[in-house]
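Worksheet for the structure shown next.
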Amino acid sequence: MMALPQDLIYNTMFKDATTEEIENVMQEAWKAFHSYRKMSLKQRADFMRAIATELEACGDAMIQTAMRETNLPEARLRNERARTIYQLESYALACERGDWLEARIDTAIPDKNPPKPDIRKMLVPLGPVVVFGAANFPFAYSTAGGDTATAFAAGCPVIVKAHPAHPETSQLVADAILHAAEKSEMPKGIFAHVHGASFEVGKALVEHPHTKAVGFTGSFAGGRQLFDWANQRKLPIPVFAEMSSINPVFLLPEKMKTDAAAIAKMYAGSITLGVGQFCTNPGLIIGLEGKELTAFIETLGNEITKIAPGTMLHPGIFKNYRKKKDEALKQTGVEIVAHSETKPALNQGSPTIATATGQTFLSNPLLHQEVFGPYSLVIRCKDMKEMLQVANHLEGQLTATLMATDNDIRIHDKITEAVKNICGRFILNSVPTGVEVCLSMQHGGPYPSTTDSRFGSVGADAIKRFARPIAFQNWSNELLPDELKNENPLSIWRTVNNELKK
């Protein structure tokens with residue numbers, strides 16, 4: 001999120017970075033880049049492991065600070081910090097393994113007519129990366145989160161702009177990174193941390209000529225603004241922004257005949273997990289009019305009434321949730337199914353389920369917008385043709401889910417193909433909340449869920465966001481990077497004359 005909500009009081013301990021401070025930070029990062037990019041994969045990996053060690057050493061003080069700033073419970077924050085440490089360690093291993101380099105070697109054939117030259121290709125780092133901390137994940141998607149870790153793995157210095165919702169937590173994490181950098185004898189400027197409640201700080205960072213890429217997790221408005229600034233530069237740069245997703249769930253008929261109640265109970269938990277403050281929250285559920293969907297809606301409503309409101313991350317997110325939810329509920333044809341029977345306290349998001357017909361949804365683009373919080377809209381389609389229309393009218397999503405039998409999928413191939421076309425992660429008979437950190441994870445989808453659907457922000461493939469390919473032609477073996485030398489001193493996997501080998 002770019003601008004600070006008026007009702008969020010910024011911690012006056014941290015002042016917005018000045019133009020001069022940003023200039024100094026970027027100059028130092030640019031100098032560091034020329035040293036860091038030459039460091040070995042092992043040196044980068046050891047640095048990342050040192051950060052993980054420093055985060056672990058921060059102990060309870062860091063958790064208590066994050067609890068105070070975010071309203072998140074202790075158990076959630078401990079798990080999130082553990083995930084952040086795991087990310088650093090797993091991406092360090094991936095960095096060292098070198099698969100992400102996509103090393104390709106095609107050796108010369110001098111007697112070919114015309115002669116074929118020796119050509120070798122690999123990925124090399126882009127340069128300094130600016131990372132914007134996320135509001136809803138103070139550890140895993142913020143200062144030492146996945147964007148920072150994968151940028152370091154790629155060989156890039158990182159400049160983090162702390163999220164104004166948790167500046168003290170961000171500063172503690174930044175200090176841990178700086179300690180690790182010092183102990184690892186990293187070049188000065190390898191990491192910098194700036195504060196800024198004003199959008200001018202973010203703009204200055206994105207527009208600085210030494211910035212070569214941006215990582216962002218947050219609102220659509222914020223991500224789109226960064227994207228626009230980056231593309232209006234004299235030399236445009238990539239912005240990898242995770243922005244908006246309502247993560248639709250399609251209830252297919254055969255599955256609903258046997259499992260409607262169980263699905264409803266499962267989704268009541270997913271919708272309200274973490275007070276609905278996950279980018280993978282299932283905000284839209286689509287089914288067919290009939291007794292099965294009626295029973296599903298009734299069960300889901302009953303479950304939602306039992307779930308107490310929870311305090312949201314900060315007043316700005318709460319106000320935005322209430323505003324977006326109220327706007328959606330005021331639309332013609334939208335009916336409230338249920339909300340929590342417990343009266344919410346200050347800044348608490350009340351779980352809410354609403355419903356509308358397929359025709360109402362198709363004719364009202366506002367209902368396509370994300371309501372960030374414990375809210376979901378159930379769409380009642382009159383037949384499979386209308387369900388297909390709904391699928392075809394949906395924008396790009398991080399996830400999409402089918403609740404279906406194998407036979408459902410075989411019979412309704414058009415629905416399956418339409419839903420697959422709009423998402424980055426295609427889920428069967430489960431919930432979208434919960435993002436596993438592994439190589440096969442895709443946490444990114446077509447616009448507007450992300451600005452570049454070819455990449456995700458989770459898993460080691462995310463390293464590739466901050467690198468570019470370069471081909472070396474007719475270079476002597478002695479002068480080539482170790483990654484491309486004949487003897488393969490790093491023992492990494494490479495494609496040599498179209499054969500994958502070590």
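Position 1 is the first residue of the sequence, and the numbers go up from there.
Comment: Lys464 engages Glu102 in a salt bridge, judged by a side-chain N to carboxylate O separation of less than 4.0 angstrom. Ionic pairing of Asp147 and Arg465 is present here: one or more N-O contacts between side-chain nitrogen and carboxylate oxygen are shorter than 4.0 angstrom. Using a cut-off of 4.0 Å between Lys/Arg side-chain N and Asp/Glu carboxylate O, Glu168 and Arg68 are scored as salt-bridged. Using a 4.0 Å cut-off between a side-chain N of Lys or Arg and a carboxylate O of Asp or Glu, Lys324 and Glu370 do not qualify as a salt bridge. Note on Arg49 versus Glu96: salt bridge recorded, some NZ/NE/NH1/NH2 to OD/OE distance being below 4.0 Å. Taking the charged nitrogens against the carboxylate oxygens, Lys330 and Asp326 have no contact shorter than 4.0 Å, which rules out a salt bridge.
A tilted orientation is assigned to the rings of Phe278 and Phe137, their planes being inclined by 30° to 60°. Aromatic ring pairs are classed by plane angle as parallel below 30°, tilted from 30° to 60° and perpendicular above 60°; the pair His443 and Tyr141 is tilted. Ring geometry for Phe216 against Phe132 counts as perpendicular: the plane angle is over 60°, on a 0 to 90° scale with 30° as the lower cut.
At a threshold of 4.5 Å between non-hydrogen side-chain atoms, the residues Arg233 and Thr211 count as touching. For the pair Trp100/Leu41, a side-chain contact is recorded, criterion being any heavy-atom separation below 4.5 Å from C-beta on. Contact check for Thr280 versus Val435: side-chain heavy atoms found under the 4.5 Å cut-off. A heavy-atom distance below 4.5 Å is not found between the side chains of Leu300 and Val337. Side-chain contact between Ile263 and Leu251: present, with at least one pair of heavy atoms (C-beta onward) separated by less than 4.5 Å. Put simply, the side chain of Leu77 reaches to within 4.5 Å of the side chain of Thr70, judged on heavy atoms. Under the 4.5 Å side-chain criterion, counting only non-hydrogen atoms from C-beta, Val194 is not in contact with Phe14. Residues Ile159 and Leu205 form a side-chain contact, since some pair of their non-hydrogen atoms from C-beta on lies under 4.5 Å apart.
Using modelled atom types, one side-chain atom of Ser198 and one backbone atom of Glu200 make a donor-acceptor pair closer than 3.5 Å. A donor-acceptor pair under 3.5 Å is absent between the side-chain atoms of Thr360 and the main chain of Ala356, judged by distance alone. Put simply, the side chain of Thr451 gets close to the backbone of Val239: a donor and an acceptor are under 3.5 Å apart. Side chain of Thr272 to backbone of Val275: no donor-acceptor contact under 3.5 angstrom is found. Under the 3.5 Å distance criterion, the side-chain polar atoms of Lys212 are matched with a main-chain donor or acceptor of Pro209. Distance alone, capped at 3.5 Å, is enough to place a donor-acceptor pair between the Asn302 side chain and the Glu298 backbone. Not a single donor-acceptor pair under 3.5 Å links the side chain of Ser453 to the backbone N or O of Pro446. Put simply, the side chain of Asp16 gets close to the backbone of Ala197: a donor and an acceptor are under 3.5 Å apart. Gln331 places no side-chain N or O within 3.5 Å of a backbone atom of Ala328 that could act as its donor or acceptor partner. Although no hydrogens or angles enter the test, the distance criterion places a donor-acceptor pair under 3.5 Å between the side chain of Tyr36 and the main chain of Phe152.
Atom CG of residue Leu284 and atom CD of residue Gln397 lie 8.0 Å apart, to the nearest 0.5 angstrom. Rounding to the nearest 0.5 Å gives a distance of 11.5 Å between CD of Glu54 and CG of Leu88. In this structure, Ile63 CD1 and Leu72 CG are separated by 10.5 Å, a value rounded to the nearest 0.5 Å. Rounded to the nearest 0.5 angstrom, Thr352 OG1 and Lys325 NZ are separated by 3.5 Å. Rounding to the nearest 0.5 Å gives a distance of 11.5 Å between OG1 of Thr84 and CD1 of Ile51. If you take CZ on Arg76 and CZ on Arg83, they are separated by 9.5 Å, rounding to the nearest 0.5 Å.
Around NE2 of His339, the count of heavy atoms belonging to other residues, nucleotides or ligands within 6.0 Å does not exceed 12. Other residues, nucleotides and ligands contribute only 12 or fewer heavy atoms inside 6.0 Å of the CD atom of Glu185. Counting non-hydrogen atoms of other residues, nucleotides and ligands closer than 6.0 Å to CD of Glu327 gives a total above 12.
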Requested in this report: Check step by step if side-chain contact (heavy atoms from CB on, under 4.5 Å) holds for Val160 and Val158.
Outcome: CA-CA 6 Å; Val160 167; Val158 174; 3.8 Å; yes
Requested in this report: Evaluate the criterion side-chain contact (heavy atoms from CB on, under 4.5 Å) for residue pair Leu398 and Cys279; output intermediate values, then yes/no.
Outcome: CA-CA 8 Å; Leu398 291 173; Cys279 51; 3.8 Å; yes
Report task. Check the pair Thr401, Phe426 against side-chain contact (heavy atoms from CB on, under 4.5 Å), reporting the backbone distance first and the verdict last. Result -> CA-CA 6 Å; Thr401 303; Phe426 199 10; over 6 Å; no
Query raised in the report: Can you check ring-ring contact (aromatic ring centres under 6.0 Å, His included) on Phe240 and Phe466, steps first, answer last?
Result: CA-CA 9 Å; Phe240 301 101; Phe466 305 121; 5.7 Å; yes
**Report entry** Test log, rule salt bridge (charged side-chain N to carboxylate O under 4.0 Å, His left out), inputs Asp60 and Arg78
**Finding:** CA-CA 9 Å; Asp60 291 346; Arg78 288 191 183 280; 2.6 Å; yes
Requested in this report: Determine, step by step, whether His368 and Phe361 satisfy the ring-ring contact (aromatic ring centres under 6.0 Å, His included) criterion, reporting the C-alpha distance in whole Å, the side-chain angles of both residues, the deciding distance to 0.1 Å, and the verdict.
Outcome: CA-CA 8 Å; His368 298 212; Phe361 182 80; 4.1 Å; yes
Report task. Would you check, one step at a time, whether the test side-chain contact (heavy atoms from CB on, under 4.5 Å) holds for Asp461 with Leu439? Result -> CA-CA 7 Å; Asp461 281 345; Leu439 189 58; 3.7 Å; yes
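Shown here for Leu126 and Pro238, the closest heavy-atom pair between the two residues is CD1-CG, 4.2 Å. Nearest heavy atom pair, residue Ile271 against residue Tyr375, reads CG2-N, 3.9 Å. Nearest approach of Gly196 to Pro164, heavy atoms of both residues: O-CG, 3.8 Å. Considering all non-hydrogen atoms of both residues, Met312 and Phe318 come closest at SD-CA, 3.7 Å. The heavy-atom pair separating Pro138 from Glu80 by the smallest distance is N-OE2, 3.2 Å. Shown here for Ala268 and Ile307, the closest heavy-atom pair between the two residues is O-CD1, 3.8 Å.
For the residue pair Glu242 / Thr450, no side-chain donor-acceptor distance below 3.5 Å is found, with atom types taken as modelled. With hydrogens and angles left out, the side-chain atoms of Asn281 and Gln277 include no donor and acceptor closer than 3.5 Å. Side-chain atoms of Thr433 and Ser270 include a donor-acceptor pair closer than 3.5 Å. Glu23 and Gln27 are linked by a side-chain donor-acceptor pair at a separation below 3.5 angstrom, with hydrogens and angles left out of the test. In the model, His193 has a side-chain atom that pairs as donor or acceptor with a side-chain atom of Ser170 under 3.5 Å. Checking Thr399 against Asn247 by side-chain atom types alone, a donor-acceptor pair falls below 3.5 Å. At a cut-off of 3.5 Å, with distance as the only test, a side-chain donor of Thr169 or Glu69 sits close to an acceptor on the other residue.
Remark: Arg224 fails to qualify as a cation-pi partner of Phe220 under the 6.0 Å distance and 45° angle criteria applied to the six-membered ring.
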